Every structure is written in structure tokens, then in C-alpha cells.
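For reference, the structure discussed in these notes is given below.
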Number of protein chains: 2
Amino acid sequence: MARHDKSATPLGFAAHDHTACQSRALATADQLCAARRVQFTPVRRRVLEILLESHEALGAYDVLARLNAEGLGSKPPVAYRALAFLVDQGFVHRIERLNAFIACADPSHDHSPAFMICRACGTVAEAHAQMPLGDSAARSGFQIEQTVIEAEGLCPDCQEVRTP
Amino acid sequence: MARHDKSATPLGFAAHDHTACQSRALATADQLCAARRVQFTPVRRRVLEILLESHEALGAYDVLARLNAEGLGSKPPVAYRALAFLVDQGFVHRIERLNAFIACADPSHDHSPAFMICRACGTVAEAHAQMPLGDSAARSGFQIEQTVIEAEGLCPDCQEVRTP
DNA sequence: ATTGATATGTTATAACATAACAACCCTATG
DNA sequence: CATAGGGTTGTTATGTTATAACATATCAAT
Ligand SMILES: [Zn+2]
Ligand SMILES: [Zn+2]
Ligand SMILES: [Zn+2]
Ligand SMILES: [Zn+2]
């Protein structure tokens with residue numbers, strides 16, 4: 001899916017030990033599911049594993065194709081239900097701009113995510129952001145429940161090549 | 001479409017002279033199209049008028065239904081092309097969260113919009129926001145081209161009623 | 001008249017998402 | 001034990017959003 005392959009998948013566009021990313025996220029998910037008394041079933045776990053393979057966002061049908069290839073389900077609701085569970089539990093975030101899903105970079109604590117999306121290679125980095133609408137909301141009396149923050153642009157690697 | 005009708009359509013959730021909103025936006029669009037030597041055709045103008053009827057976001061197919069009823073086009077590309085033109089010109093913004101479109105509150109100058117979306121009545125207010133990812137981007141070397149900022153919650157009017 | 005640029009009309013399909021119901025698998029609780 | 005309930009998965013069908021591709025129309029410049 002990336003137009004720009006890299007040996008080390010980047011987190012925040014920086015090379016890192018991605019195996020650690022994956023195992024840490026899975027371990028956290030295991031712990032949280034146990035603590036919350038919710039079932040981390042094979043389909044749910046496998047979907048999270050699939051999303052953890054890279055720091056790119058996958059569409060629900062991409063995930064479904066993977067599940068299908070592994071005999072874990074072939075119909076859209078299977079993928080959408082697993083994704084909904086993972087989003088509910090905070091293990092996965094939905095990227096509105098892409099109609100796609102990405103594993104959370106740090107599921108161990110609740111947070112409101114923000115993303116930087118490289119339009120060239122598809123890498124998505126999760127970041128922290130201040131509430132950008134706090135002032136406007138306070139002035140108008142709007143009660144914010146959730147804020148989508150998604151920046152699109154070029155990651156450091158992709159700025160080097162010609163992308164007009 | 002609103003679950004909560006109001007006599008005066010709000011801008012920024014405050015009552016205002018909406019007729020002025022509409023005529024100002026249309027006049028600005030006229031001027032800018034002339035200045036830019038682009039064609040403000042009947043379909044394009046009508047789509048903008050339709051979006052200017054309220055401060056709610058309309059889906060492309062909602063717009064299309066209106067066009068169809070008026071004999072201005074019945075196939076999806078007609079609506080999508082007009083919307084793409086209006087978005088390109090900055091007269092309309094796309095709300096990613098809703099897969100829908102809304103007329104710009106101030107098309108007279110280029111800006112990066114932010115929105116507050118009431119989940120109860122569907123009203124969308126356009127606001128200004130600081131770049132919430134400037135720090136993260138600077139640190140990681142990410143080059144931001146565009147940022148989606150969409151807050152969802154309850155507008156002042158809708159906080160009064162029970163919405164659990 | 002011919003060409004080129006821009007816009008619209010139309011067909012068909014791709015891509016994303018959910019409603020609704022049936023079946024399965026646990027684990028209480030009687 | 002059975003059997004009822006909650007949660008999960010399987011499946012069908014459909015709804016919703018979006019675009020590719022090609023045909024036609026319009027108008028201005030050569
Ligand atoms: Zn990683
Ligand atoms: Zn996260
Ligand atoms: Zn108004
Ligand atoms: Zn605007």
C-alpha cells in the first residue's frame with residue numbers, strides 16, 4: 001500500500017523497534033480486556049494484530065480481505081464489528097479523512113488522538129494536540145465531546161522526493 | 001433534517017440575520033468567480049444556494065435530490081462535480097466526520113476551517129482554530145498542508161434538553 | 001470550419017457501512 | 001440436567017457514499 005517502502009516502519013516518522021510496538025500494544029490489550037471483563041476473541045485479536053503490522057491505516061475491507069484469507073470471516077459485519085470493538089476499547093482509532101483504521105500508539109491510557117497523515121507514503125503518526133477549539137467553544141457555549149484532528153501533508157522521508 | 005427546529009438559523013449557534021449570510025456569500029462567490037475567470041454556472045450556483053439555506057451539512061445525495069427535483073441533474077457526478085468546484089474555490093467545506101458539505105461562513109479570504117458539530121440538532125458552526133499540531137509537526141519534520149479540525153458535541157440549545 | 005478548453009450528461013461500478021435475523025457458545029440459576 | 005440469557009459470530013440483503021470512463025454540448029480562438 002505504501003508507495004515508498006521502508007525497512008523500518010516509522011512511528012512518528014522516525015525509525016524504531018516496531019516489534020516492541022506490536023507486543024506492547026497486544027499485551028496492553030490483553031490486560032485491559034481482562035480488567036474490563038470483555039472478551040478478546042480470536043477475530044478481535046487478529047484484527048488488532050493486522051492493524052499493528054504497520055503504521056498505516058487500513059480500510060475495513062482491507063482488514064476483511066485478510067481475515068477472509070485466514071478463514072476468520074468473509075462478510076463485512078465481521079470486520080466492522082471487530083473494528084467497532086477495538087475502537088470502543090481504545091485500541092484502534094478511526095481516521096475520518098481516510099475512512100480507515102489504525103492501531104493506537106498508546107492504548108494504555110485514555111486520550112483524544114490527533115494524526116499526521118503522509119499523503120505520499122500513507123504513514124500515519126499519532127500525536128498529541130491541545131484542544132484547538134477550546135476558546136471558540138467556550139465563547140459560544142458549545143460542549144465538546146470529541147474532536148477530530150487530522151493533518152495531511154508530507155512526512156520527512158517523502159519531502160525529499162519530487163511530489164508536486 | 002434538524003431534530004430541533006429553530007425559527008432563526010444560528011451561526012455559531014447564535015441567532016442572526018441569515019438572509020444576510022446568504023446574500024453576502026453569494027455576492028462574494030460571484031465576485032471571486034469573476035476575478036478568477038472561472039464559471040459560476042447555474043448548477044454550481046444552485047448547489048451553493050442549497051447549502052446556504054441552513055447552517056447544517058448536507059450529503060452529496062441530499063444535494064443531488066434537490067437538483068433532481070429542480071431538473072438540474074439526477075446523476076451523482078453532477079452533484080459531486082459541483083461540490084468539488086465549490087470546495088476548490090473555497091465557497092464550501094467538506095465535513096469529514098459527516099461525509100457532508102457546508103457553505104463557508106466567510107469565503108472572502110482563504111482560511112483553514114474548524115467546525116463544531118452539534119450531534120443533536122445537526123447545526124455546524126465554523127470557527128477559527130490555531131494549528132493544533134504545529135509542535136508535533138515541527139519536532140517530527142512533518143510538513144502540514146491541511147488540517148481537519150472537527151469537534152462534536154452539544155450546542156447551547158441542545159444542552160438544555162435531556163440527551164444521555 | 002477546426003480545434004481546444006470547459007462543462008455537463010450518462011452508464012456503470014467501486015468503496016464504505018449497517019439492519020436484521022439465525023446460529024452458536026458459554027455460564028448461571030432453578 | 002435443562003433451559004434461559006448474554007454475548008459473539010455467521011449470513012443475507014441492502015443502504016450509502018464516491019468515482020472511473022466515455023459521450024455530448026458549448027463556446028471562444030485560430
Ligand atoms: Zn511501530
Ligand atoms: Zn491512540
Ligand atoms: Zn446564517
Ligand atoms: Zn470557511
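Please read these numbers as outputs of a predicted model, since none were measured by experiment. Within every chain, numbering begins at 1; the chains are lettered A, B, ... in the order of the sequence lines, protein sequences first and strands thereafter.
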Round to the nearest Å and state the distance from [X] atom [atom1] to [N] atom [atom2].
X: Phe85(B); N: dT8(C); atom1: CZ; atom2: C1'; answer: 14 Å
X: Arg46(B); N: dT8(C); atom1: CZ; atom2: C1'; answer: 18 Å
X: Asp88(B); N: dA7(C); atom1: CG; atom2: P; answer: 11 Å
X: Gln89(B); N: dA7(C); atom1: CD; atom2: C1'; answer: 14 Å
X: Arg36(B); N: dT6(C); atom1: CZ; atom2: C1'; answer: 18 Å
X: Leu72(B); N: dA25(D); atom1: CG; atom2: P; answer: 18 Å
X: Phe40(B); N: dT6(C); atom1: CZ; atom2: P; answer: 19 Å
X: Leu64(B); N: dA18(D); atom1: CG; atom2: P; answer: 12 Å

- Reading nucleotides 18-23 of chain C from the 5' end, what letters show protein touch, with B for base, S for backbone sugar-phosphate only, - for no heavy atom under 4.0 Å? BBB---

- Item | First encountered from the 5' end of DNA chain C, between Val43(B) and Arg94(A) | Val43(B)

- Query: Shared ILVMFWY cluster between Tyr61(A) and Leu67(A), side chains joined below 4.5 angstrom?
  - Reply: no

- Quick one: is dT8(C) close enough that its OP1 or OP2 comes under 4.0 Å of any side-chain N or O from Thr41(B)? yes

- Message: Taking only side-chain N and O atoms of Arg37(B), does any of them lie within less than 4.0 angstrom of OP1 or OP2 on dA28(D)?
- Response: no

- Query: Below 4.5 Å, heavy atoms only, C-beta onward: do Glu126(B) and His111(B) meet side chain to side chain?
  - Reply: yes

- Beyond-backbone contact of Val47(B) with Phe85(B), side-chain heavy atoms, under 4.5 angstrom: no

- Task: Tell me yes or no: between the side chains of Arg36(A) and Gln31(A), is some donor less than 3.5 Å from an acceptor?
- Result: no

- N-O pairing of Arg119(B) and Glu152(B) below 4.0 Å: no

- Within 45° cone and under 6.0 Å: Arg45(A) NZ/CZ vs Phe40(A) ring: no

- Message: Check the orientation of Phe13(A) and Phe142(B). Use parallel for under 30°, tilted for 30 to 60°, and perpendicular for over 60°.
- Response: parallel

